[in-house]
Amino acid sequence: MTDQSRPSRPVILGQNQYGKAENRVVKITRDGNTHHIKDLNVSVALSGEMEEVHYSGSNAHVLPTDTTKNTVYAFAKEHGIESAEQFGIHLARHFVTSQEPIRQARIRIEEYAWERIETSDGDSTLTGADEVKHSFVRKGQETRLTQITFDGERWQVISGLKDLTVMNSTNSEFWGFVKDEYTTLKEAHDRILATEVSAKWRYSWSSDDAPMPNWENSYEQARKHLLQAFAETYSLSLQQTLYQMGSRIINSRGEIDEIRFSLPNKHHFLVDLEPFGLKNDNEVYFAADRPYGLIEATVLRDGTEPQIPVDLTNL
C-alpha cells in the first residue's frame, strides 16, 4: 500500500500562508465622558512549517483561523489600540513567539477615521445632552493602511493610505509629449490635475534594538507633506508631481526610507460649448471615470534598496 501522505509525482509545495482575513474590530476608549474610537479591519496571515497539512491534511501544526480572530479581539482589550502599527506589532510578535511551527506573521490593517461631531452653542440641555463628546461622523477621505511582517528577528513595517482624492484646478500643464498617427490629445497649458492617491511607505525601523517611530505622528506628518507637495508643485506631468510628493516625505521624515505611489489620473476634459454659442474659458469640464492614465513609481532614500512590492498598487 502506497503512502498517500506524500506526493508521488515530482511536485513540491511552494509559498503558502493562512489566517483570518478582515476581522472588523472597533475599540472604544472612555476617558470620563470623552470617548475615543479606533476602527480597524485586521487581516492575519501566518506561514512556517505547514507542509503536512497540505500533503496529508494533518492539522498538528495549524493554529485555527478562528483562534487568530479571537486573538485580535482579545488583544484589543488587553493591549488597547494605540496605533494600527503598534497593534499589528503586538499581534505579529504573539503569533511567531507563541507557536513554534509559525515562522512568519503578516498583519495587514485598514484604519477608518472618525471625527467628533461638534455640538451647537445653544442650550443643549433642552434635548437631554450636556457637552456631548461621544458622537462621531465617519471621515469621508482616505483609508489608513499598514502591513506588519515579523519573522522572529526582523520587522518590516509598510504603512500608507488609499482613496485620498486631491485636485489642483490650475498650475498644471501637459505638452511636448510624443505624437504619432494615433495621437488625438491636444496639448494643455492650463488643466485640472486630479488623482486618487494610493501610497505605501516603508519605515527604516526593523529591529527591537532600535527605538520605534511615533506611529501616529509619523502618519500625520507624512500625509501633511504629501498634500503640501501636491499643492505647491507647478506640475508639467503627474510623474513630476509624484516625485515631488515622495521627495518631500523622504526629506522631511528620517524614519521613512521608501515610498511607492499609484496615482490614477482622474481626467477632466473641457466640454465643447461652441455648438451652443458659448465660450468655455476653462470653466466647465467633463469628469471621466475610465479609462484613466495610471502613474506608478517608487521614491527611495539614496543608498537604500527597494522592498515594497510593485504589485501593491491599484491594478
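Owing to the predicted nature of the structure, the values given are computational and were not obtained by experimental measurement.
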| field | Lys200 NZ to Thr298 OG1 distance, which is reported to the nearest 0.5 Å | value | 11.0 Å
| message | Just verifying a value: how many Å separate Leu13 CG and Tyr55 OH, rounded to the nearest 0.5 Å? | response | 5.0 Å
| field | Any His267 side-chain heavy atom under 4.5 Å of Ile192 side chain | value | no
| request: Spell out, as yes or no, whether a donor-acceptor pair under 3.5 Å connects the side chain of Tyr219 to the backbone of Leu161. | output: no
| query | Can you find a heavy atom in the side chain of Thr195 that is under 4.5 Å from one in the side chain of Pro264? | reply | yes
| task | Identify the heavy atoms of Arg253 and Ser218 that sit nearest to each other, and give their distance. | result | NH2-CA, 4.2 Å
| field | Heavy atoms of other groups near Glu283 CD, more than 12 under 6.0 Å | value | yes
| said: Using side chain to side chain contact (heavy atoms under 4.5 Å, CB included), reason through Val197 and Glu142 one step at a time and then give a plain yes or no. | reply: CA-CA 9 Å; Val197 180; Glu142 81 277 10; over 6 Å; no
| remark: When rounded to the nearest 0.5 Å, the distance separating OG of Ser83 from CD1 of Ile89 is 7.0 Å
| query | Any side-chain heavy atom of Leu263 sitting closer than 4.5 Å to one from Phe230? | reply | no
| said: Quick check on the hydrophobic clustering: are Leu91 and Ile81 connected, directly or via other members, by side-chain heavy-atom contacts under 4.5 Å? | reply: yes
| query | Is there side-chain contact between Thr71 and Val44, with at least one heavy-atom pair below 4.5 Å? | reply | no
| Value rounded to 0.5 Å, distance of CD1 in Ile107 from CG in Asn23 | 9.5 Å
| query | Do you know which two heavy atoms are closest between Arg154 and Ser206, and how far apart they sit? | reply | NH2-OG, 2.7 Å
| remark: Closest non-hydrogen contact found for Ala92 with Trp155 is CB-CZ3, 3.8 Å
| message | Apply side chain to side chain contact (heavy atoms under 4.5 Å, CB included) to residues Val72 and Phe87 and explain how you reach the verdict. | response | CA-CA 9 Å; Val72 169; Phe87 189 63; 4.2 Å; yes
| Among side-chain atoms of Trp114 and Tyr112, is any donor-acceptor pair under 3.5 angstrom? | no
| message | Using every non-hydrogen atom in the two residues, find where Val299 and Ser247 come nearest and quote the distance to one decimal. | response | CG1-N, 4.0 Å
| field | Presence of salt bridge, Glu85 and Arg144, under 4.0 angstrom | value | yes
| field | Flag, side chain of Glu187 to backbone of Gly176, donor-acceptor distance under 3.5 Å | value | yes
| task | State, yes or no, whether a side-chain contact exists between Tyr285 and Asn280 at a heavy-atom distance under 4.5 Å. | result | no
| field | From CA spacing to verdict: side chain to side chain donor-acceptor pair (under 3.5 Å), Ser262, Glu296 | value | CA-CA 4 Å; Ser262 181; Glu296 299 175 311; 2.9 Å; yes
| message | Around atom CG of Asp302, are there more than 12 heavy atoms from other residues, nucleotides or ligands closer than 6.0 Å? | response | no
| said: Strictly distance-based, threshold 3.5 Å: is any side-chain N or O of Glu196 a donor or acceptor partner for the main-chain N or O of Lys266? | reply: no
| request: Can you see which heavy atom on Ile158 is nearest to which on Pro309, and at what distance? | output: CD1-CD, 4.5 Å
| message | Would you say Ser235 and Thr241 are linked by a side-chain donor-acceptor pair, where the criterion is simply a distance under 3.5 Å? | response | yes
| query | Does Arg301 use its side chain to pair, donor to acceptor, with the backbone of Ile256 at less than 3.5 Å? | reply | yes
| Between Gln244 and Gln228, is a side chain to side chain contact (heavy atoms under 4.5 Å, CB included) present by the stated rule, with each step listed? | CA-CA 10 Å; Gln244 291 300 318; Gln228 288 178 345; over 6 Å; no
| Taking all non-hydrogen atoms of both residues, which atom of Ile259 and which atom of Ala199 are closest, and how far apart? | CD1-CB, 4.3 Å
| query | Okay, side chain of Asn16, backbone of Gly14: is any donor-acceptor separation there less than 3.5 Å? | reply | yes
| query | Is the shortest heavy-atom distance from the side chain of Asn214 to the side chain of Glu216 under 4.5 Å? | reply | yes
| remark: d(Met212 CE, Glu255 CD) to nearest 0.5 Å is 14.0 Å
| task | Quick one: pull up CD in Gln86 and OG1 in Thr146 and give me the separation to the nearest 0.5 Å. | result | 10.5 Å
| request: Would you kindly confirm whether Val53 and Ile102 end up in one hydrophobic cluster when ILVMFWY residues are joined by side chain heavy atoms under 4.5 Å apart? | output: yes
| request: Take Tyr203 and Trp215 through the ring pair (Phe, Tyr, Trp, His ring centres under 6.0 Å) test and state the conclusion after the steps. | output: CA-CA 10 Å; Tyr203 288 97; Trp215 304 113; 4.9 Å; yes
| For Lys69, what residues pass the side chain to side chain donor-acceptor pair (under 3.5 Å) criterion, not counting sequence neighbours? | Asp66
| Does the side chain of Asp39 reach to within under 4.5 Å of the side chain of Arg24, using non-hydrogen atoms? | yes
| said: As a quick check of understanding, evaluate side chain to side chain contact (heavy atoms under 4.5 Å, CB included) for Phe174 and Leu236, giving each step before the final call. | reply: CA-CA 5 Å; Phe174 187 59; Leu236 299 177; over 6 Å; no
| Among side-chain atoms of Gln307 and Glu305, is any donor-acceptor pair under 3.5 angstrom? | no
| query | Would one find more than 12 heavy atoms of other residues, nucleotides or ligands at under 6.0 Å from atom NZ of Lys179? | reply | yes
| Heavy atoms of other groups near Tyr18 OH, more than 12 under 6.0 Å | yes
| request: Report yes or no: does Arg116 contribute a side-chain atom to a donor-acceptor pair with the main-chain N or O of His35 at less than 3.5 Å? | output: yes
| said: Just so I know, are the side chains of Asp151 and Val96 near enough to count as touching, which here means a heavy-atom distance under 4.5 Å? | reply: no
| field | Asn41 versus Glu22, side-chain donor and acceptor atoms under 3.5 Å | value | yes
| request: State, without any angle test, whether Asp180 and Thr183 hold a side-chain donor-acceptor pair at a distance under 3.5 Å. | output: yes
